[in-house]
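Here is how names work: the chains are called A, B, and so on, in the same order as the sequence lines, proteins then strands, and each is numbered from 1.
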Protein chains: 2
Amino acid sequence: MTAVDVEDELTLVFSALADPTRRAILARLARGDATAGELAEPFAISQQAVSKHLKVLEGARLISRTRTAQARPCALDPVRLDTAAGWIARHRQVWADRHDRLEEHLAALRAEQQGDAGNDEEAATP
Amino acid sequence: MTAVDVEDELTLVFSALADPTRRAILARLARGDATAGELAEPFAISQQAVSKHLKVLEGARLISRTRTAQARPCALDPVRLDTAAGWIARHRQVWADRHDRLEEHLAALRAEQQGDAGNDEEAATP
DNA sequence: AGCTTTCACAACCTATCGGTTGTACAAGCC
DNA sequence: GGCTTGTACAACCGATAGGTTGTGAAAGCT
């Protein structure tokens with residue numbers, strides 16, 4: 001029940017991060033805890049809308065809220081960010097790797113002076 | 001026109017990464033170039049749907065396509081991933097930082113034995 | 001030239017998103 | 001007890017996302 005739905009986690013996290021308002025909320029929260037009302041002010045959207053955004057962020061486990069009377073201070077939870085960062089880092093590595101191998105391959109092709117070879121592995125080489 | 005709409009870039013990239021199908025497409029492309037048709041097979045969706053996904057990925061500049069006859073090999077573009085990775089890394093740093101400072105702050109509060117201080121910077125401390 | 005293959009565009013449908021307004025509920029203040 | 005504050009839930013709305021089917025265009029095959 002842990003490693004199976006990492007995909008779902010990724011979807012939740014990336015979806016949450018896909019919204020500029022939500023990123024702004026996270027950025028603001030990073031500079032200090034705030035209540036939903038405080039968060040609503042600078043964003044020119046209603047308090048209810050912020051509440052929804054917080055719900056999304058909470059669903060993605062990017063934040064956690066503690067009930068303190070009627071105030072709902074939001075705490076940032078960096079753990080899920082690691083999930084996203086991990087995916088990106090992994091793929092960045094693969095891509096960089098592939099890019100290197102691609103250049104090698106193209107160099108080899110150029111050296112051999114043939115022009116057709118296979119069916120893939122070609123990129124922007126006009 | 002470069003540093004201003006980084007927000008837009010982030011939105012595009014995170015939105016693109018928010019879809020499991022698109023992540024699967026990227027993962028598959030990372031293991032080797034493929035055409036839209038080849039990508040369509042394992043995903044149980046139509047070729048047209050994959051074409052749309054590729055368009056989104058291209059719009060986010062996560063991939064670039066080259067026209068080779070009727071085949072459209074997709075090349076991965078790691079640059080935009082850096083944008084996303086940068087944002088995450090930055091915020092992970094801030095969050096970790098905040099977490100440290102928070103603990104420091106709480107320790108300081110505990111040491112001083114006062115109970116009010118400011119208006120923010122409080123978290124789960126029942 | 002004609003057929004096939006590979007892809008993308010267009011139109012359409014449904015579900016979800018991001019937003020609003022209205023309301024309710026729980027907790028402090030008078 | 002009653003008012004105000006802070007937040008969330010519900011209903012609604014327009015726009016968009018993700019999917020489908022249908023069609024057409026461009027390049028290769030025979």
Side-chain angles (χ1 to χ4, degrees), chain A residues 7-8 10-26 28-29 32-60 62-75 115-120 122, chain B residues 7-8 10-26 28-29 33-60 62-75 115-116 119-120 122 126:
Chain A
E7 274 299 308
D8 290 334
L10 283 169
T11 298
L12 286 174
V13 172
F14 281 134
S15 296
L17 295 180
D19 188 276
T21 302
R22 254 152 8 218
R23 285 197 306 275
I25 288 175
L26 291 177
R28 185 188 168 89
L29 283 176
D33 289 7
T35 63
E38 290 172 332
L39 288 170
E41 293 174 16
F43 294 132
I45 59 177
S46 66
Q47 167 265 319
Q48 289 92 329
V50 172
S51 200
K52 280 192 183 182
H53 281 304
L54 292 177
K55 208 171 173 184
V56 173
L57 291 170
E58 200 177 18
L62 287 167
I63 67 170
S64 61
R65 283 182 284 184
T66 58
R67 158 132 263 148
T68 307
Q70 71 270 58
R72 311 277 315 188
C74 300
D116 53 341
N119 46 4
D120 54 353
E122 45 239 1
Chain B
E7 274 299 307
D8 290 333
L10 283 169
T11 298
L12 287 174
V13 171
F14 282 134
S15 297
L17 295 180
D19 187 277
T21 303
R22 269 179 320 247
R23 285 197 307 275
I25 287 176
L26 290 177
R28 186 187 168 90
L29 283 175
D33 289 6
T35 63
E38 289 172 332
L39 288 170
E41 291 175 18
F43 293 131
I45 59 178
S46 65
Q47 168 264 317
Q48 288 94 328
V50 172
S51 200
K52 279 192 183 182
H53 282 303
L54 292 177
K55 207 171 172 183
V56 173
L57 291 171
E58 200 176 17
L62 287 166
I63 68 170
S64 61
R65 283 181 282 184
T66 59
R67 158 133 264 148
T68 307
Q70 71 269 58
R72 310 279 314 189
C74 299
D116 52 342
N119 46 3
D120 54 353
E122 46 239 3

Query - Pairing residues for A:I45 by the side chain to side chain contact (heavy atoms under 4.5 Å, CB included) criterion, not counting sequence neighbours - result: A:T21, A:F43, A:A49, A:V50, A:H53
Query raised in the report: If you look at every heavy atom in A:R28 and A:L39, which pair is closest and at what distance?
Result: CD-CD2, 3.3 Å
Report summary line: note: A:L17, atom CG; C:dG18, atom C1'; distance rounded to Å ~ 17 Å
Report task. Round to the nearest Å and state the distance from B:L54 atom CG to C:dT6 atom P. Result -> 15 Å
Report summary line: Those residues at least two apart in sequence (or on a different chain) that pass side chain to side chain donor-acceptor pair (under 3.5 Å) with A:T11 are B:R23
Report task. Any pair with a residue in residues 39-49 of chain B that passes side chain to side chain donor-acceptor pair (under 3.5 Å), sequence neighbours left out, goes on the list, sorted by first then second residue, please. Result -> none
Query - Distance test, side-chain N/O of B:S51 to OP1/OP2 of C:dC7, below 4.0 Å - result: no
Query raised in the report: Got a sec, which residues hit side chain to side chain contact (heavy atoms under 4.5 Å, CB included) with A:A36, two or more places apart in sequence or on another chain?
Result: A:L54
Query raised in the report: Looking at side-chain heavy atoms only, is the closest gap between A:L62 and A:L17 below 4.5 Å?
Result: yes
Query raised in the report: Base, backbone or nothing for each nucleotide of nucleotides 16-21 of chain D, written B, S, -, heavy atoms under 4.0 angstrom, 5' to 3'?
Result: --SBBB
Query raised in the report: What integer distance in Å separates A:I25:CD1 from D:dT7:P?
Result: 13 Å
Report summary line: Note: B:A16 and B:R22 closest approach over all heavy atoms is O-NE, 2.9 Å
Query raised in the report: To the nearest Å, how far apart are A:K55 NZ and C:dG18 P?
Result: 13 Å
Report summary line: When every non-hydrogen atom of A:P42 is compared with those of A:E38, the smallest separation belongs to CD-O, 3.3 Å
Query raised in the report: Looking at B:R65, does any N or O in its side chain come under 4.0 Å of the phosphate oxygens OP1/OP2 on C:dA8?
Result: yes
Query - A:L39 CG to C:dG19 C1', straight-line distance once rounded to whole Å - result: 17 Å
Query raised in the report: What's the shortest heavy-atom distance between A:P20 and A:A18, and which atoms?
Result: CD-O, 3.6 Å
Distances for protein N/O vs nucleotides 13-16 of chain C N/O pairs under 3.5 angstrom?
none

Query raised in the report: Within this structure, what is the CD-to-P distance between A:E38 and D:dG6, rounded to whole angstrom?
Result: 9 Å
